[in-house]
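Note that these values count all heavy atoms, side chains included, but never hydrogens, waters or copies made by symmetry. What you see is a predicted model; the values in this text were computed from it and never measured. Start at 1 and go down the list; that is how both ligands and their atoms are numbered.
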Amino acid sequence: MKRVITYGTFDLLHYGHINLLRRAKEQGDYLIVALSTDEFNWESKQKKSYFTFEERKAMLEAIRYVDLVIPENNWEQKKTDVSEYNVDVFVMGDDWEGKFDFLKDQCEVVYLPRTPEISTTKIKTELHK
Ligand code: C2G
């Protein structure tokens, strides 16, 4: 079984996220999503997600491509996650191109094109008009 992992906040879940998750799952047979906790978002990403970790986790778990959701508590856990979960492929959107190449000695690293026209920030901005 080919195991894939990806990381993110996935707040205000939209079709760009779904496109990413669908293509990430296509890289293997089992997709793990490491979901940024509220604390990690706030302390390390200066992001305040609209939905809580539990709400975002429930939404991700409802997606057919997602097999397991685990917490992302810090930037440093990726190497450990890859070995602990026997990950074969690490996937991120290409806004992260090159940033996780240090994982290449442990697993395949794949950067997928983002869905350009949609983002959580854009949704928030448009809703405030
Ligand atoms: N994404 C995408 N297209 C969009 C928006 C997002 O392909 N229009 C992808 C991102 O590239 C990322 C994933 O969806 O791979 C999740 O996006 P975010 O929740 O914005 O993730 P981010 O805040 O970049 O967190 O340790 C890594 C971080 O947790 C990544």
Is K47 salt-bridged to D38, going by a charged N under 4.0 Å from an acidic O?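 No.
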Taking atom types as modelled, is there a side-chain donor on Y7 or Q77 under 3.5 Å from an acceptor on the other?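 No donor-acceptor contact under 3.5 Å links the two side chains.
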Regarding N41 and T9, is there a side-chain donor-to-acceptor distance under 3.5 Å anywhere?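 Their side chains do contain a donor-acceptor pair, which is all the 3.5 Å distance test asks for.
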With sequence neighbours left out, what residues match F10 under ring-ring contact (aromatic ring centres under 6.0 Å, His included)?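 Counting only residues at least two positions away or on another chain, F10 forms a ring-ring contact (aromatic ring centres under 6.0 Å, His included) with H17.
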Do the side chains of D88 and V4 get nearer than 4.5 Å, heavy atoms only?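 When only atoms from C-beta onward are counted, D88 and V4 do not touch, as no gap falls below 4.5 Å.
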Are Y30 and K2 close enough that some pair of their side-chain heavy atoms sits under 4.5 Å apart?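 No, side chains not in contact.
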Identify, chain by chain and in numerical order, each protein residue with a heavy atom under 4.0 Å from an atom of ligand 1.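 Correct list: Y7, G8, T9, F10, H14, G16, H17, L20, S36, K45, K47, E72, W75, K78, M92, G93, D95, W96, R114, T115, I118.
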